[in-house]
Amino acid sequence: LRRLCKHIDCDFESVEARKAWEDGSVSNVETLIEAADSVSNKNRKRELLNQALSSAECIKNDTQKRNYVALIKDKLRDLD
């Protein structure tokens, strides 16, 4: 998945978002989730959560990956 993702041209709002997507680290996923929780604009919140989701899908630990993906998907559902 990570190799495939490198071939996708993505336009990120910030350096932090790009770094989180590239390295898939838990701390960066948490940073994006916290950023999404702190904004009131629904579109921006959705964008940050989608970036967090992309990054979470690259986490190597399967349990952590499942937990973060489920959390983020719940937050995205709550926006609808």
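A pairwise comparison of heavy atoms in Ile33 and Ala52 identifies CG1-CB, 4.1 Å as the closest pair. Smallest separation of non-hydrogen atoms from Ile72 and Ala56: CD1-CB, 4.0 Å.
With rounding to the nearest 0.5 angstrom, the CG atom of Asn41 is 9.5 Å from the CG atom of Leu48. From Arg46, atom CZ reaches atom CG of Asn50 across 8.0 Å, with rounding to the nearest 0.5 Å. Note that CG of Leu71 is 8.5 Å distant from CG of Asn67, once rounded to the nearest 0.5 Å. Here Glu47 contributes atom CD and Asn43 contributes atom CG; the two are 8.5 Å apart, rounded to the nearest 0.5 Å.
With sequence neighbours excluded, the residues satisfying side chain to side chain donor-acceptor pair (under 3.5 Å) with Lys75 are Asp37.
Salt-bridge check for Asp80 with Arg77: failed, with every basic side-chain N at 4.0 Å or more from each acidic carboxylate O.
In this structure, the side chain of Thr31 engages the main chain of Ser27 through a donor-acceptor pair within 3.5 Å.
Val26 has its side chain within reach of Glu30: a pair of non-hydrogen atoms, C-beta onward, lies under 4.5 Å apart. For the pair Leu79 and Leu49, the minimum side-chain heavy-atom distance is below 4.5 Å.
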